[in-house]
Asker: 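This is the structure, below, for whatever I ask next.
Because only heavy atoms are used, hydrogens play no part in the values below, and waters and symmetry mates are left out as well, while side chains stay in. In what follows, chains are A, B, ... by sequence order, proteins preceding strands, each numbered from 1.
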Amino acid sequence: MGNTETPMLELVDVHKSFGDVDVLKGISASISKGELLTFVGPSGCGKTTLLRIIGGFTPITSGKIILDGEDIADLPPNMRDTKMVFQSYALFPHMNVRKNIGFGLKLKKMPQKKIDDRVDELLALVHLEGLGDRTIERISGGQQQRVALARSLALEPKVLLLDEPLSNLDANLRVVMRDEIRNIQERIRITTIFVTHDQYEAMSISDRLLVLNDGIIQQIGSPSDIYETPDNRFIAEFVGYVNFLEGKIESFDQDSSGLFLVSTEYGDISLNKINEKNFDKGDDVFLVIRPETVTLFPSDAEDMPNMLKGKIQHSMYAGNLVKYTIKCGDREILIDQYNPKDSIKFRCGDNIKFTVPRTVHAIPKRG
Amino acid sequence: MAEAVAGNDQRSLLYKIRIFVNSHLINMFAGGLFALLAIFLAFPIVMVFIKSLWGDDGFTLGFYQEFFSYNFYYWSFLNTMILGLSAMVILVVVGFCFAYMTTKGPNWLRKPLKVCALMPLCAPPYIFSISLITLFGRNGMVTNFFDLNFNIYSWTGVIVAQCLAFLPLSYMMIENVLNSQNPSLEESASDMGASEFTIMRAITIPLAAPGVLKAALLVFVMTIAEFGNPAILGGRIPFLAPDTYLMITGEGDFNMASVLSVVLMVPCLIIFVIHNYMLKGKGYTTIVGKPTAVDPKDMTPLIKYSLLAIVIPVAIMVLLSFAVIVMGAFVKIVGVDNTFVIDHMLNMQSNTAIFNSVKLSLLAGLFGAIVGTLLAYVIMRGKFKGRKVMEMMALSGFALPGTVIGVGYIMAFNRPPFLLAGTIWILILNCAFRFLAVGVEAGISKLHQISIEIEEASADLGADFITIFFKVILPIMFSAFIAGFIYTFMTTMMSLSSVIFLVTPGFDLAAVYIYLTAQLGELGLASAATVKMMLIVVICFASLKLLAKKTGLDVIEK
Amino acid sequence: MKYKIFFTVLMAALITFTSPITNVWASDSISAYMGFSREVNEALAKQIQDKLGIEVKNITLSWGEIWARLKTESPRFNADMVLSFGASEAINGAKKGYYEAYHSPGWDGIDDAFKSKDGTYYALGTFSFLLLGNTKKLAEKGYEMPKSYQDLLDPKWKGQIVIPSPRTSGTAFMINYSFLQLYGEKAGWEYLTKLNENVAFYTKSGNAPTDLVGRGEYLLGLGADENVLKRMKDGYPLKWSVPVEGIGYEGNYCTILKGTKKLALAKKVMDYLGSEEISHFLGSMGYIPPRAGSVSALYGEVQPKFIKLDHAWAVKNKRKVVKQWKSKFLMKETAKARKVGDEKEKKAAAQE
């Protein structure tokens, strides 16, 4: 997971307050070389502030920002080796594409010939060959995005910062650009911090995610860690739809199978070993049941372990899947059934059974 | 550089200084600008205050006592207020009518009306009293032709002359807001069944309020401060501005002149404060707008003809006035002996004065525009306390009558530490700081539209504050820069009220030259100089525009 | 880039335009505040430049303005000389020590009336005011040009006379106090009060009446004589006369300002000002010149009748007279105002 190398960027107990409001309450994290880390969280969680602190646009209240072994917390942005792609791209309207990309190089007093070569190289990298002499108004949003990226890459920063770079693009272009950014990042192996509030975007682009809420890191981990084994209810909910089933650990069998038995209102569910967390018998837990992990059966199906009963309340056909809302006792459970063509179709009012997989994740109720 | 440093934590002093400079440069600039404002705007005004309270024997209220004990003075004060307020009301209405016609009226009328409304900008304000005398004087051409019995040396004359002179100010401010109004608002109102009159009353006028207010403020301040017209046409009616001038030039009484200045300034500042209060939250509207193309709609005939009924006579008056000036330049004595002569035009004395004026205006314009843009930037983007104060100071130029600043400048900069009297710098600084407000305001409104990310991006790419300002901000704020430049250029060129106190031997100015020549009755020379000056102004503008077009900057200006 | 071009061009234009500014204070030149009419100023400056090769950077100002400037600028004057201002300015300035004392050899042989004893100032000539009338308008109405000042009180002139306000300039002040000296103070004020009934308004320049009457705006005026000749030549239907009581007069004084860095040049100019040539030149402009050999083009050989004037009195009482004048003729015409004005006057008189 990259922790073995020396980190490229290290945040040590970063605090930030605006007046009385504490926006960041002690953030510590490290990013290794070549990694793409995404700050993700709901709006107002402090992710953009954290990014701006790294970029040097917002002064830090306390803490350290160590870039490649050097504390840069006091440096103004123009003296930091981090480059930012802004949400609005912040392209200079009075310069053409080439001038924009070459701006930083020119400030470095690089000879014009070298600037030209480097700009050509970058234009090729972001697939904008031949558009160098266009003015900024005369290229599309996606192209502007590429220019902004190229402009930041021109100076070969140690860390590239991307502040919600895709938020101004339409849905299709977002996906294209997301892949493109990832592609370029992997190609040149640049350490990158990406900020977004879109969890799917975050999961699909990152090596690791840093989930922030209320100025506190909720969890750092790979996309699958975060999705499959969230640390708490907030993360579980944040990265996708989730059904929580409240239960209590009735027993666990430590020796052979490692099966746990969790009792819920609607029946008992046995799970494989609950990993990484220490649970005791009698602990209250939430079972994190993702909609797509549940399998549906008709009401006359044979009983199986972990099978619960319910009634279809609502169904919505969405092409690649059918979304069912199931009434189970007094609560609703959302179930996604993929590949509807080859599955049994249920109607509203049908009584059904469904099974919860044994691999289901459990989190402590408190926490 | 890194090798020179001993430890890892140890950074060289130089490096630390660099860090400090880089992060605090904007505040240093702010400090410098603050000092400039204090010296060249606040200090002269303070001097006026002091002088009004400090006689030969120290502190005294005697001068104020004198002011209040002579009914003449407060009569004069009252007259000044009446003049300012009536010109304000008239010009807001007329300016609105012109602006409405040129933004929403029939297409073929727009351009000619716009030219008429802006034309007075090309001539010194007091030139209208000369035209009015020639036309409507007791022996005027129109008076004689229609055998009228009409006294131009009266309220009518003064108000008409001031209104003609300052029509462009009001027009520009109001036209700008009308132009930048989103036409879909009016379209949606008419969609909901509102008549044009209702739209005008319920949408157009309320939305134009910021421009109208600004126009009102500027017109008020300018009409009460420019003393040319009241001095020539006032007859027996006293006004504060010419009185202040006479107090200094005729009676050499600086104390009383200061008292009059203070009195003149008070209503201006009150209006300024009211104006700021009313504009609060309404956003900024200035000369730089975002014109939106509208398909010309047919105006309701009733509105069209009632607006035309106001606009056409005014346009005719403007055209007649200029016709008289042009005629005056080419005939022996306009209205008396109308034989063609070229002598006036060939008189070379005025050329130096005009040349000087152009020089001064260019320098003041450039200086003012740079300082104005910087100020706007620092006010908007700086992170220091007192930005509000700074903004108020910079914008107060709107409210300071030229006469007052002129008087303040002679008293403030005539002795060390600021010994500027007698140099061209006193003129440049005076004009640049007096007319700063437009550039600052245009800059602020422009900066409202520019995302701060642009600057952050440039800093991120390694630019320091100065580089950002000159390479990124200035080009983007170019329209604001130009607005400040043009306003300062034009007003410096034409305005008399403050430079007349400051001109030095060997550096005569056109506005002063024309005023003094006209005062001597040399109408031919005055007219000829005015015509030449108009030509120069037109040439300056044309070349500025051409330059902008050639370099493609007019695209950005939108 | 384009922006750069734009700026470069603008800058280049500026620099070419403004480069001459730096050498405003070139060597063989002096600067002067000049208080003649602009044409005379320019002509005189040209005359000096042609003859002596010294450029006279000048600015035309009214005497009041010159005085105001001297007062504020003292002791660092922004000019080297003053060419023409009034007695009041000359006398007061000499008292304050504004002027360089210089006994110019160029002025030898000129009547002492034209020179100060200590050599601080010299009179370049004298000028007066005249009664002016518009020939065309007078003929239309069938009126005769008044012969005496008393004729001006005839109600038929109501609203037809323009006079400069004494607040405006030295000339204008002289016109007004001439009456105080002609009739004595009390009778003088009475006369002015009566005249006020017929005065249309008080102009804000000493020369404005010449213009207003010349243009036929008003029938009669009392105005400075300096532009009259020029106006008549220009073709204005203007005529002038000297009323039987005579006319007031005033000198055009010139001086060297103390502390000038161009003292030698200034002295040279001063010497030249006393020459026959300058006298001739000023005579041709209509002034009554210092050298007796030259005659005024306006008045000719015969000197007009002058009212006997006590300039020193005028200088001393200027402030008081102007104040009195203001409260008499500028106050709003209400009964109360008049009463207040009268009381003020009484009080002022009591203080004397």
Side-chain angles (χ1 to χ4, degrees), chain A residues 48 51-52 54-59 64 66 68-96 99-110 135-138 147-148 151-155 157 159-161 163-164 168, chain B residues 1-2 5 7-12 14-28 381 383 446 449-482 548 551-558:
Chain A
T48 299
L51 190 78
R52 291 172 58 83
I54 298 171
F57 305 110
T58 307
K64 281 183 184 167
I66 297 165
D68 209 11
E70 186 193 12
D71 186 1
I72 58 164
D74 298 333
L75 292 184
N78 55 343
M79 293 172 72
R80 294 187 185 203
D81 218 347
T82 58
K83 295 293 161 254
M84 170 112 96
V85 173
F86 289 83
Q87 189 171 1
S88 67
Y89 315 143
L91 296 176
F92 306 131
H94 58 296
M95 301 179 187
N96 64 17
K99 287 262 152 50
N100 262 287
I101 297 177
F103 184 79
L105 300 171
K106 199 151 186 191
L107 287 179
K108 283 208 157 170
K109 306 247 160 32
M110 197 184 259
T135 56
I136 295 305
E137 291 105 21
R138 286 181 46 231
V147 175
R151 187 176 70 177
S152 297
L153 289 174
L155 289 162
V159 177
L160 177 67
L161 310 172
D163 183 13
E164 306 219 10
N168 286 340
Chain B
M1 197 168 71
V5 186
N8 258 347
D9 306 331
Q10 206 73 28
R11 289 179 184 143
S12 72
L14 209 71
Y15 192 60
K16 278 192 179 149
I17 291 174
R18 230 187 103 201
I19 293 172
F20 182 82
V21 168
N22 261 299
S23 16
H24 295 272
L25 207 54
I26 184 165
N27 290 351
M28 294 179 195
R381 300 290 203 245
K383 293 180 184 67
K446 188 79 197 175
Q449 301 163 16
I450 302 174
S451 157
I452 192 163
E453 290 191 341
I454 291 261
E455 293 131 73
E456 290 179 346
S458 7
D460 193 52
L461 294 169
D464 57 28
F465 168 65
I466 297 181
T467 320
I468 296 176
F469 184 78
F470 281 102
K471 290 231 159 115
V472 180
I473 295 307
L474 203 55
I476 298 178
M477 287 173 70
F478 199 65
S479 57
F481 181 87
I482 286 293
T551 50
L553 274 167
D554 55 337
V555 184
I556 297 175
E557 268 181 63
K558 284 168 201 154

Asker: Would you check if Phe57(A) and Ile452(B) make a side-chain contact, meaning some heavy-atom pair closer than 4.5 Å?
Answerer: no
Asker: Heavy-atom pairs under 4.5 Å with chain B: which of Met95(A), Arg80(A), Gln87(A), Lys108(A) has the most?
Answerer: Gln87(A)
Asker: Using a 4.5 angstrom heavy-atom cutoff, name the option from Pro76(A), Pro157(A), Gly104(A), Pro59(A) with the most pairs to chain B.
Answerer: Pro76(A)
Asker: Could you have a look at Met84(A), Lys83(A), Arg151(A) and say which one has the most heavy-atom pairs with chain B under 4.5 angstrom?
Answerer: Lys83(A)
Asker: Nearest 0.5 Å, what's the OG1-CG distance between Thr467(B) and Asn78(A)?
Answerer: 8.0 Å
Asker: So which heavy atom on Leu155(A) is nearest to which on Leu461(B), and how close?
Answerer: CD1-O, 3.5 Å
Asker: Between His94(A) and Phe478(B), is any pair of side-chain heavy atoms under 4.5 Å apart?
Answerer: no
Asker: Would you give the length of the straight line joining atom CD1 of Ile454(B) to atom CG of Leu91(A), rounded to the nearest 0.5 angstrom?
Answerer: 7.0 Å
Asker: Give the minimum heavy-atom separation between Leu107(A) and Gly462(B), together with the two atoms involved.
Answerer: CD1-C, 3.7 Å
Asker: Could you name each residue pair satisfying side chain to side chain donor-acceptor pair (under 3.5 Å) that touches residues 452-463 of chain B, not counting sequence neighbours?
Answerer: Arg52(A)-Glu456(B), Ser88(A)-Glu453(B), Tyr377(B)-Glu455(B), Arg381(B)-Glu455(B)
Asker: What part of Phe103(A) is in contact with chain B, defined as an atom under 4.5 angstrom from a non-hydrogen atom: side chain, backbone, both or neither?
Answerer: side chain
